[in-house]
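Values below: all heavy atoms of this structure, side chains included; hydrogens, waters and symmetry mates excluded. Lettering of chains follows the sequences in order, A, B, ..., and the numbering in each one begins at 1.
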Number of protein chains: 2
Amino acid sequence: MSQGDTRAAGTGFAGRLASCVASRESQIVLGLDPDPARLWPAAARADQPGGSPAERAAAAVAAHCALLIDAAGPACVAVKPQVACFERLGPPGWTALAGVAAHARAAGLLVLADAKRGDIDVTAAAYAQGLLTGLDTPWGRVDPLGADAVTVNPYLGRDALDPFAAAAREAGAGLFVLVRTSNPGAADVEDAEMAAGGALWERVAKLVARLGDDLDGGGGPLSAVGAVMGATAPEHLARARELMPRTPFLLPGIGAQGGRVEDLAPAFAPGPAGGLVTASRSIARAHESSGGDPASAAAAEAERLRAAAWALQGP
Amino acid sequence: MSQGDTRAAGTGFAGRLASCVASRESQIVLGLDPDPARLWPAAARADQPGGSPAERAAAAVAAHCALLIDAAGPACVAVKPQVACFERLGPPGWTALAGVAAHARAAGLLVLADAKRGDIDVTAAAYAQGLLTGLDTPWGRVDPLGADAVTVNPYLGRDALDPFAAAAREAGAGLFVLVRTSNPGAADVEDAEMAAGGALWERVAKLVARLGDDLDGGGGPLSAVGAVMGATAPEHLARARELMPRTPFLLPGIGAQGGRVEDLAPAFAPGPAGGLVTASRSIARAHESSGGDPASAAAAEAERLRAAAWALQGP
């Protein structure tokens, strides 16, 4: 598929992110993790009669995401499709994901593909081709999903992240490396205490900061290599900011998982684009608690989050 | 797609694995990581004229994998498709992956999907639906890839592995959790020294052993929760076996990455199915060093590895 407005800007990811945050006055990332059994009613009616269950479910999922983007997108700076929710629908799910990404780009939103991929060098490069750069084959060019950024997993170490970083540079895209996630199980590995002092996630944070500096020479207020920092443990944010001064933070865990926007101030130290607040269920299912139709409730909740996060910038 | 012979056996993964290893007298796992630019000549001619580049490349990739399975499969117990290599071809790549898995099952081989997925609870469950269990939607049931086992990433901790374990139990499938991988960068995170002593990978190894015991009550010689242990650092295998006495080890890194079959003896302590030796490029590209046609060279190299690994059992 062709690359939409947001990637045609020609600048790298950090500049594009800062510019989009400033112009849209939003740091809200709309999470898209559609469950075929819980779609908005208008979307559930949009299936393709005659198709296979996967095709019909994928069409309805795509319609749901488009409605959600149309309703909540104006208060957001990006969408974060959860790749698992499309992948489980097989090939039609991947077709739906590409369509949803195109819809978001056409609405002026960045696309952060939440894929959490991670593998050794040659395999990491293959994942990066699918998500970021595409590949040339003897039968012609295969286009990528064309995400503006992807989430990646650091367990295998720096040499498994480098191919993603190289692909990101080539595509003018960004990465968000898992550092300290929002789930209780983060205590098992990420919080493990190191012999040299500190937690494992702090070691990973340093690796992420170096990777970003190596990519752009350390210039500029914001790096193209971001970090996933769960909003459910805000006590870590100040330390994370110290270790990763130029790193954009992707902050999941607001709403359904218990995190509060008001606790996220340290994320914004490098500027308004230093923290991106993701929200999924709390927007898509806002009508379940607030009442009203799904679209209006989603728009209102996204706007409420936008204003709350933007107010943390200070004067 | 329907589930083939190997999964219809009705037993759990551990029993099925042990039985397949015994009957095929092989611990060799045929890695499938097809590069569209380096397919066997007979496969490269098998594309679909008139299709898109992705469709034509995916058809050729599927043909390549089928030829490789036909040639080397008789000396192997399983195939390990590298999901990234299919994913980068978009929806047609996922169709090709399903076809390759079906071809391998029809040949009596287990299918270990090398996906290295990992995410928080609800998302991990979505990945597991796609790979292992399928899901029910308002439009009918969507079938899974139907892998016999999948590789998963432990960085997010135990609660991110539990949904995969639950799905594996439901599907009679297995997991292979990344513990200590074969790449040099494993030193960055996996080998990090812990305040409590030992390396991070040893902490993960204990978590993997517990997860396996929790899944089956600790009974039986072999667990359904395996570990990925790179064959490039055989000095760790004895310690890994101590920490994970019932855990099947998936051992990548033989051949192109420098590991040697002869160094893997500790893996086989729980029995012949305790170690699975994966080889990809060294089989698929054997003709490049040995000469001859690709299929004969692949068959010969797979058989050479099979005999070398089987000889490590002792009398």
Is it the side chain or the backbone of [X] that comes within 4.5 Å of chain B heavy atoms, both, or neither?
X        : result
A:Leu207 : side chain
A:Thr95  : both
A:Ala128 : neither
A:Arg158 : both
A:Pro252 : neither
A:Leu39  : side chain
A:Gln82  : side chain
A:Arg281 : side chain

- Item | Pick from A:Glu190, A:Arg141, A:Glu55, A:Gln129 with the largest number of heavy-atom pairs that fall under 4.5 Å of chain B | A:Glu190
Atom group of [X] that falls short of 4.5 Å from chain A, counting heavy atoms:
X        : result
B:Pro92  : neither
B:Ala187 : backbone
B:Val122 : side chain

- Query: Is there a donor-acceptor contact under 3.5 Å from the side chain of A:Asp159 to the main chain of B:Gly185?
  - Reply: yes
- Query: Between the side chain of A:Asn183 and the main-chain N/O of B:Leu156, is any donor-acceptor distance below 3.5 Å?
  - Reply: yes
- Would you mind checking if A:Lys116 and B:Asp119 are paired as a salt bridge, meaning a charged N to carboxylate O distance below 4.0 Å?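 Looking at A:Lys116 together with B:Asp119, the answer is yes, because their closest N to O distance falls below 4.0 Å.
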If we define contacts as heavy-atom pairs under 4.5 Å, which of [options] has the most with chain A?
options                              : value
B:Ser52, B:Ala196, B:Ala192, B:Cys85 : B:Ala192
B:Ala37, B:Gly130, B:Gly134, B:Pro53 : B:Pro53
B:Leu161, B:Asp162, B:Val189         : B:Val189
B:Arg203, B:Arg117, B:Arg180         : B:Arg117

- Message: Which heavy atom of A:Tyr127 sits nearest to which heavy atom of B:Ala115, and what is that distance?
- Response: OH-O, 3.3 Å
- Message: Can you give me the closest heavy-atom contact between B:Tyr155 and A:Val179, atom names plus distance?
- Response: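 Nearest heavy atoms, B:Tyr155 then A:Val179: OH-O, 2.7 Å.
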- Message: Within the structure provided, determine whether B:Leu89 and A:Leu135 are in side-chain contact (heavy-atom separation under 4.5 Å).
- Response: yes
- Side chain to side chain, B:Asp33 and A:Thr123, heavy atoms closer than 4.5 Å: no
